[in-house]
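Here is the structure we will look at, set down as structure tokens.
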Amino acid sequence: MALSAFTAPGRFWRGNLHTHSDRSDGVLPPQEVCRRYQAEGYDFIALTDHFIGAYGYPITDTTPFRGNSFTTIPGAELHSGAMANGELWHILAVGLPEDFTAPDAPGFHPVAGQESGPEIAARARAAGAFVVIAHPQWSGLTLADARSIDAAHAVEIYNHGCATGCDRADGAHTADLLLSAGRRLSLIATDDAHFSEPDHFGGWVMVKAEANEPELLLDALKRGDFYSSQGPELRGVTLERDAVRVECSAVSTVIVQGHGSAATAQHGASMTGAELPLERLRNSPWLRVTVIDRAGKRAWSNPIWR
Ligand SMILES: [Zn+2]
Ligand SMILES: [Zn+2]
């Protein structure tokens, strides 16, 4: 059984799903953000400004910046309700309709009576969005917090802005615990770019679709037909009877992870393929693949269920 990202028709399109502009606390206007991503070789972005009252609840119109080789998916970073640590929820919503009803979220602090995080996430999913638990480590998310977001399609396994700004980029711990709780989630790498520091072009998704069109990309995201990267390419991930076969650009490490402490790795100089035996992962209901190149850059597959 191969991960569907590698068997679905079409080709991979490179995109960043978490981006800010000067419509919220980013530095650059939306047009310049789009121009820079296109110039860097991206096929699409989702501009996801902070959806709070202080910024006028922006769902920024990026349609004027689409072109023959670049497109955009409307979105926002949603904020409402408190996490266990008392801070405001951050939930990414990609593919949000422009008439999405604003919560009562005046600023970056929770206020009494506002919608909870799980409630606004559910409302975004019902409105058609691809819903993501953003930067779990940066947020100080507890497992109970993460489990409460029933509507999530995905978790940010890597957030480049959180790596740059505070060395709290990781989402793998939260994601793995949710997978072991039976939650069928995808994993995305993002920039969370504000262009206020070197927080851009560091983590992206490669989405398999028949054309670089917003609706097709959004459907592929919801199906999990993508992988995430900081550099390496994944070209195939196939679950065989007692091994996982991985094809990729040249990397020095290929790892398969599963439930609990289960993992197995292969190391080399510039491997473009590996077959990893599953003895240590025999009892894991899910598996995922990470590859690491000589520069330390990673790519992550979505989980495979069995
Ligand atoms: Zn955030
Ligand atoms: Zn953000």
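In listed order, ligands and their atoms are each counted from 1.
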Please determine if R23 and D61 form a salt bridge, counting it only when a charged side-chain N lies under 4.0 Å from a carboxylate O. no

Salt-bridge contact R36-E32 (side-chain N to carboxylate O under 4.0 Å): yes

So, leaving waters aside, the tally of protein N/O/S atoms less than 2.8 Å from the Zn ion (ligand 1) stands at 3

The Zn ion (ligand 2) - closest N/O/S atom in H20: NE2

Do any N/O/S atoms of H194 come under 2.8 Å of the Zn ion (ligand 2)? no

Enumerate the residue pairs fulfilling salt bridge (Lys or Arg N to Asp or Glu O under 4.0 Å) with a member in residues 121-133, sequence neighbours excluded, ordered by first and then second residue. E115-R123

Report yes if the distance between the aromatic ring centroids of F201 and Y37 is under 6.0 Å, otherwise no. yes

Given the options W89, F51, F108, H79 meets ring pair (Phe, Tyr, Trp, His ring centres under 6.0 Å) only with F108

Salt bridge flag under 4.0 Å for residues R288 and D176: yes

What about F130 and L96, same hydrophobic cluster or not, with Ile/Leu/Val/Met/Phe/Trp/Tyr joined at side-chain heavy-atom distances under 4.5 Å? no

